[in-house]
Amino acid sequence: MLVILSVVVVLALAGCACVVWASRGGPLWVRAVATATLAAGEAVRRSGRNNGRQGSDSDD
């Protein structure tokens, strides 16, 4: 389990580094990784919002 968590953390850090590099005009593959990283982050954020709304609706 620790190995899987470590891999996820390393991938997240690499994705963040690619976002920074792409903002400074990196190569095409860096821009592609940055786009994927930002899309994944947005998907996680949306899923978090949906879970929060569902919880607040059930309390009302």
Side-chain angles (χ1 to χ4, degrees):
M1 188 62 132
L2 183 61
V3 173
I4 294 171
L5 180 61
S6 297
V7 169
V8 169
V9 168
V10 168
L11 288 174
L13 290 174
C16 292
C18 284
V19 169
V20 171
W21 190 6
S23 71
R24 297 180 181 202
L28 184 60
W29 69 269
V30 170
R31 292 182 212 155
V33 172
T35 301
T37 301
L38 293 173
E42 185 64 27
V44 168
R45 189 178 339 161
R46 284 183 183 169
S47 72
R49 280 190 209 149
N50 290 340
N51 289 340
R53 286 183 183 157
Q54 290 173 353
S56 65
D57 288 345
S58 64
D59 292 339
D60 289 340

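Here the structure is a predicted model, which means the values were calculated and not measured.
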Using a 4.5 Å cut-off between side-chain heavy atoms of Ile, Leu, Val, Met, Phe, Trp and Tyr, which other residues end up in the same hydrophobic cluster as Val19?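 Besides Val19, the hydrophobic cluster comprises Leu38, listed by chain and residue number.
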Leu5: which other cluster members, linking ILVMFWY side chains closer than 4.5 Å, directly or transitively? Val9, Leu13
Taking only residues at least two apart or on different chains, which pairs with a member in residues 22-37 satisfy side chain to side chain donor-acceptor pair (under 3.5 Å)?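 Side chain to side chain donor-acceptor pair (under 3.5 Å) check on residues 22-37 returns no pairs.
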With sequence neighbours excluded, residues passing side-chain contact (heavy atoms from CB on, under 4.5 Å) with [X]:
X: Val44; result: none
X: Arg45; result: Glu42, Arg49
X: Val30; result: Cys18, Trp21, Ala22, Pro27

